[in-house]
Q: 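Quick one: the structure is below, questions incoming.
Since this is a predicted model, take the numbers as computed values, not measurements.
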Amino acid sequence: MACSGLFGTGNNCMIAPPDPNRKFVLQRTELVVFNRDVHELLVDFETLLDMAKFLGEENQRSFQALYVANQMVNMCDVTDPSTFPKVRQLSSSFFSQKNGDSQHLIHALGHCHIDTAWLWPYEETIRKCARSWVTVIRLMEKNPDFKFLCSQAQQFEWVKNWYPGLYLQIQDYVKRGQFIPVGGTWVEMDGNLPSGESMVRQFLQGQRFFQQEFGKLCTEFWLPDTFGYSAQLPQLMCGSGIKRFLTQKLSWSLVNSFPHHTFFWEGIDGSRVLTHFPPGDSYEMKGRVEELLKTLKNNRDKGRVNHSAFLFGFGDGGGGPTQKMLDRMKRMTDTDGLPRVQQSNPELFFSSLEKDTKQLCTWIGELFLELHNGTYTTQAQIKKGNRECEQILHDVEIVSSLALSQKSSFQYPSARLQKLWRLLLLNQFHDVVPGSCIQRVVEDALMYYGDIRSTGAQLLNEALKSLLGGVSAIRTDKSFTVLNTLPWERTEVISRAELAGGETLALVKVPSMGFTTVFESLTPHHPVTVTCQAEDGVVIMENGLIQVHLNPMGHVISLRLLASDREMISSGNHGNQFVIFDDIPLYWDAWDVMDYHLETRKPITTLLSPVEIVSTGGLRGAVKFSMRISEKSLITQEIVLDALCPYLRFHTEVQWYESHKFLKVEFPVRLRNMNATYEIQFGHLQRPTHWNTSWDWARFEVWGHKWMDLSEYGVGMALLNDCKYGCSVHQNVMTLSLLRAPKMPDATADIGHHRFTYAVMPHAGCFQDAGVIQSAHNLNFPLHTSEAISSQHKVWSAFSVQSPAVILTAIKQAEDHSDALVLRLYEAHGSTVDTWLCSSLPVKEAILCNLLEQPDRSQSLLMTKAGVRLSFTPFHVLTLMLVLQHPDLDQQPIETL
């Protein structure tokens, strides 16, 4: 029991916000004695009636079932238990009539999908796990053939900590092969929004937990209920020891039916995994005849395969299988007229599929769910917390790794980082980071992001002090250190607080993954100029790279590449146009945005204060304006152009108090292409800009990460952001989704103050050569300033990569080797490339690994004083372990890994 208030109790609707004043009345309670004989008769009778009903009149077996059921009624005297055995004998003889060998085989898999948070908070999920799993254990005691699958390492850890006695029983039944851990991830995460590195850590933390607690890794990825599937997931699965995948959510697609249930899924790098969608289109079957027949009928790969998965048990809020479900399926194990059913496990099921895969089809690219598109935008504070905390952990790990490489005495904060990572991974559950949860869950998630921010800042400061050798005793405004955590040199304008108050700007050049001591600002060849035309109030800003014209409403009426004088804004239109839509889905309020919302587009035109210049140029030019959205909501924006910066930034603040509205910003551009490009995890993909087919227009709202790009030959434009995911490009209009206002299940969703930044980057040539990917990273990973001054180096770089196509995206201490670093690199351009990773660190050995940091001795690496030579194919993710040479430490042999 728990005294936790009411949740999941919305009035008249499952997903309505909780009603704290709702009352329940207990009207009747009974004490009863379970009668096994009566139960068995009722299950027999129910099964026969279902066969009679659902097999159809064209099937003679349905009539046989009906007549047997009728005979049971005639023979049974409910007042005389002595008649029961003969009645059971009659029904048993019917169920014992067997199928032919060619009949379809359904693998029944006990399952209990428990949302780690949804209409209830995290703490209630702990109790849901205990209640559900103890029920499962009791069923196993009575049914030795019963097998139960369970995913999400986080839930196992909760039960281990809160219910240790139950956990010991679970470990025992895992050894017996009945309680089967699956999935390999920390939680069943969202398949779209987490970064590539976050997805790696889902597998790393999950697989290591399962290995440590149960002695084996999961061989299948289990994600039955998420809102789409990134095209990089196959590679991440394969790199984590997984080549099998099960889900069913694509059956929810509103427009097109996915053409397969068993197939190979191929990612953007060419990795393939055997994939199965249970044809019954559910992960909480009840073991009914109708469900078995639906599984058989729906299967779109008949003839190619003769096996289907059947996930049975109450789910979402837990519960799991019941004895009645098991009893139903026992009768249908091998009964003429029905597909064969057996209690199975993932290994048996997938190995049965793998015996003959020659005829299976292959799907290449993302698995896009044509529903729940609103989850790319809902709960903007959660989206912002996710992106910022990914950035914080990236920076803390890199700076801590560099500190470790320079001082063996530095204590790498592995335990504290693991705790922070697990909080972030928890919040990436598929009803939390998408925003489809109640207010109490949102509050918990934001609290965890706050913990990551505060502890991360502390860890970063400690690592900086160690790396730089302490803090100057007397702070001055004359010198300071700037640190870059990205793998390329950066020349940028930074803002720094002055001792006397206020801020000062400096143009600095910082080496790749390193730092520099700054004594004075650099002078740009082309300072920013800002002028205002008196006749029409148009403000013109330029920095030698781009020139922008802004009208008094903050609209971009002209955006030019100065080198070619190429205009990027479509004639007669203007960019930075805020638009608002009515946003009333059919049912799933926080989840869905429907295509018909596009018919309600209204430009925001009410100006509160026109554009005014707030920074006159030099290193930075900036203007500011504000607009009214409605009587309650308003936008304030500062548009900023820095010296030497190839993009124009829009620092935006919104006071948002709307209901069922959708705020976006549009940039109609003077470009034409059939496809636009969107960043995803460790790469990018293209989606159509037209609506030729139903598959095209079903993607009226899509997701991307830090950038999207529309280009034609020789020129293009990228739209960058620091915390947004929903977006679209239709024809020539690039749109970034900003804020929604759903009312279920959280009536307060997105209400309040928001702050975010987006940017536009016109470019010559293709986006790869123009540095769009690097610019988007720069926007998301700001330079760090410190008062600490290195006593050894004025300029120092730890790592650099020769090819701009390869990005070094993460550095961390190895999980099982305290004096080794693990580096993650990926090919970002979609090219085959050989390159050099250069380092100033004392590297003893370089070893290729998988994502679980297991060494791969089958491939050797060329390492010289210049660095390590690496080879990449398009979008390939490579993990490298570097063993550091500290002369004051004994080296642990790498073989012990």
Side-chain angles (χ1 to χ4, degrees), residues 116-117 122 151-158 160-161 183-191 193-213 218 236 239-240 382-404 411-430 432-433 444-463 485 681-682 780-781 809-818 820-824 849-853 877 879 881:
T116 299
Y122 289 128
S151 64
Q152 305 194 76
Q154 172 69 87
Q155 295 183 5
F156 279 97
E157 187 189 54
W158 278 337
K160 178 183 178 181
N161 293 336
T185 51
W186 190 246
V187 297
E188 289 184 7
M189 72 281 195
D190 179 77
L193 308 184
S195 69
E197 189 59 29
S198 288
M199 287 189 167
V200 169
R201 301 306 175 92
Q202 288 283 357
F203 285 105
L204 179 66
Q205 291 294 326
Q207 288 285 54
R208 286 181 63 83
F209 180 90
F210 290 127
Q211 179 71 56
Q212 291 165 2
E213 295 296 317
C218 298
L236 303 186
S240 304
I382 287 183
K383 306 293 194 289
K384 183 175 183 178
N386 180 71
R387 183 78 65 85
E388 287 185 354
C389 289
E390 288 176 335
Q391 174 258 318
I392 288 167
L393 293 178
H394 167 276
D395 287 359
V396 170
E397 287 188 330
I398 286 179
V399 179
S400 297
S401 297
L402 301 188
L404 177 66
Q411 295 297 310
Y412 187 92
S414 54
R416 297 172 74 183
L417 277 168
Q418 182 187 71
K419 181 179 179 181
L420 297 184
W421 266 111
R422 288 183 172 183
L423 285 179
L424 178 62
L425 300 180
L426 173 61
N427 275 353
Q428 289 175 346
F429 179 74
H430 64 251
V432 180
V433 73
D444 286 345
L446 296 180
M447 178 182 67
Y448 290 158
Y449 289 137
D451 292 345
I452 296 170
R453 288 184 178 105
S454 59
T455 305
Q458 178 186 348
L459 295 178
L460 183 64
N461 188 49
E462 292 172 0
T485 59
Q681 298 83 356
F682 297 135
N780 280 265
F781 295 89
T809 188
I811 306 175
K812 62 183 287 290
Q813 186 185 53
E815 293 289 326
D816 298 312
H817 199 283
S818 61
L821 299 180
V822 168
L823 282 62
R824 193 109 49 229
C849 303
N850 64 11
L851 298 180
L852 303 183
E853 301 181 14
V877 179
T879 303
M881 183 177 294

Q: Please report the shortest heavy-atom distance between G456 and V396, naming the atom on each side.
A: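 For G456 versus V396, the nearest heavy atoms are O-CG2, 3.3 Å.
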Q: Please give me the minimum heavy-atom distance between S198 and P194, naming the atom from each residue.
A: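 Smallest heavy-atom distance, with atoms named: CB-CB, 4.0 Å.
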Q: In chain order, what residues pass the side chain to side chain donor-acceptor pair (under 3.5 Å) check against S151, with sequence neighbours excluded?
A: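 Result, side chain to side chain donor-acceptor pair (under 3.5 Å) vs S151: E188.
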Q: Can you tell me how far apart CD (E815) and CD (E853) are? Round to the nearest 0.5 Å.
A: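 Going from CD on E815 over to CD on E853, the span is 5.0 Å.
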Q: Measure the CZ-CG distance between F203 and N850 for me, rounded to the nearest 0.5 Å.
A: 12.0 Å
Q: side-chain contact (heavy atoms from CB on, under 4.5 Å) with K383: which residues, sequence neighbours excluded?
A: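 side-chain contact (heavy atoms from CB on, under 4.5 Å) check on K383 returns L193, Y725.
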Q: Please find the pair of heavy atoms, one from C218 and one from G184, that lie closest to each other, and give the distance.
A: SG-N, 3.5 Å
Q: Rounded to the nearest 0.5 Å, what separates atom CG in L402 from atom OG1 in T485?
A: 9.5 Å
Q: With sequence neighbours excluded, what pairs up with F429 under the ring-ring contact (aromatic ring centres under 6.0 Å, His included) test?
A: none
Q: Would you name the heavy atoms of R453 and C389 that are closest together and state the gap between them?
A: CG-SG, 4.3 Å
Q: Say you draw a straight line from CG of L393 to CG of L424; how long is it, rounded to the nearest 0.5 Å?
A: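 With rounding to 0.5 Å, CG (L393) is 6.0 Å from CG (L424).
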Q: Among residues at least two apart in sequence or on other chains, which ones pass side-chain contact (heavy atoms from CB on, under 4.5 Å) with T455?
A: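 With neighbours one apart ignored, the set is R416, L420, L459.
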Q: Is there side-chain contact between L404 and L821, with at least one heavy-atom pair below 4.5 Å?
A: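 When only atoms from C-beta onward are counted, L821 and L404 do touch, with a gap below 4.5 Å.
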Q: Taking only residues two or more places apart in sequence or in another chain, which ones pass side-chain contact (heavy atoms from CB on, under 4.5 Å) with S414?
A: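 Only Y412, Q813 meet the side-chain contact (heavy atoms from CB on, under 4.5 Å) criterion with S414.
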Q: Could I get the full list of side-chain contact (heavy atoms from CB on, under 4.5 Å) partners for Q418, not counting sequence neighbours?
A: Q205, R422
Q: Please identify each residue that fulfils side chain to side chain donor-acceptor pair (under 3.5 Å) with E462, with sequence neighbours left out.
A: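 Residues passing side chain to side chain donor-acceptor pair (under 3.5 Å) with E462: Q458.
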Q: Could you pull out all residues at least two apart from Y122 that satisfy ring-ring contact (aromatic ring centres under 6.0 Å, His included)?
A: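 Only Y448 meet the ring-ring contact (aromatic ring centres under 6.0 Å, His included) criterion with Y122.
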Q: Of all the heavy-atom pairs spanning M881 and A814, show the shortest one and how long it is.
A: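 Closest approach of M881 to A814, heavy atoms only: CE-CB, 4.1 Å.
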Q: Judged by atom type as modelled, is there a donor-acceptor pair below 3.5 Å linking the side chain of Q681 to the main-chain atoms of M199?
A: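 Looks like no, no N/O pair under 3.5 Å.
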Q: Would you say the side chain of T879 lies within less than 4.5 Å of the side chain of V822, judging by non-hydrogen atoms?
A: yes
Q: Sequence neighbours left out, what passes salt bridge (charged side-chain N to carboxylate O under 4.0 Å, His left out) with K160? Give chain and number order.
A: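 Residues passing salt bridge (charged side-chain N to carboxylate O under 4.0 Å, His left out) with K160: E213.
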Q: Looking at side-chain heavy atoms only, is the closest gap between R208 and L852 below 4.5 Å?
A: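 They are not in side-chain contact.
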Q: Among residues at least two apart in sequence or on other chains, which ones pass ring-ring contact (aromatic ring centres under 6.0 Å, His included) with F210?
A: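 Per chain and number, F210 pairs via ring-ring contact (aromatic ring centres under 6.0 Å, His included) with F156.
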Q: Do R824 and L851 have side-chain heavy atoms sitting under 4.5 Å apart?
A: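 In contact.
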Q: Going by side chain to side chain donor-acceptor pair (under 3.5 Å), name the residues that satisfy it together with T116, two or more places apart in sequence or in a different chain.
A: Q152, Q155
Q: Tell me, please, which residues at least two apart from E397 pass side chain to side chain donor-acceptor pair (under 3.5 Å).
A: R201, W421
Q: Check whether the side chains of Q391 and D395 place a donor and an acceptor atom closer than 3.5 Å, and report yes or no.
A: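 Yes - a donor-acceptor pair under 3.5 Å links their side chains.
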Q: Just verifying a value: how many Å separate K812 NZ and L417 CG, rounded to the nearest 0.5 Å?
A: 9.5 Å
Q: Is there a side-chain contact between N427 and Y449, using heavy atoms and a 4.5 Å cut-off?
A: yes
Q: Can you check whether H394 reaches E197 side chain to side chain, under 4.5 Å on heavy atoms?
A: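 No; the side chains remain at least 4.5 Å from each other.
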Q: So, for A403 and A463, which heavy atoms are closest and what is the spacing to 0.1 Å?
A: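 Taking A403 first and A463 second, the nearest heavy atoms are CB-O, 3.8 Å.
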Q: Say whether W186 and Q154, considering side chains only, have a donor N or O and an acceptor N or O under 3.5 Å apart.
A: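 Side chains of W186 and Q154: pair found under 3.5 Å.
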Q: So, do Q428 and N386 sit near enough that their side-chain heavy atoms are less than 4.5 Å apart?
A: yes
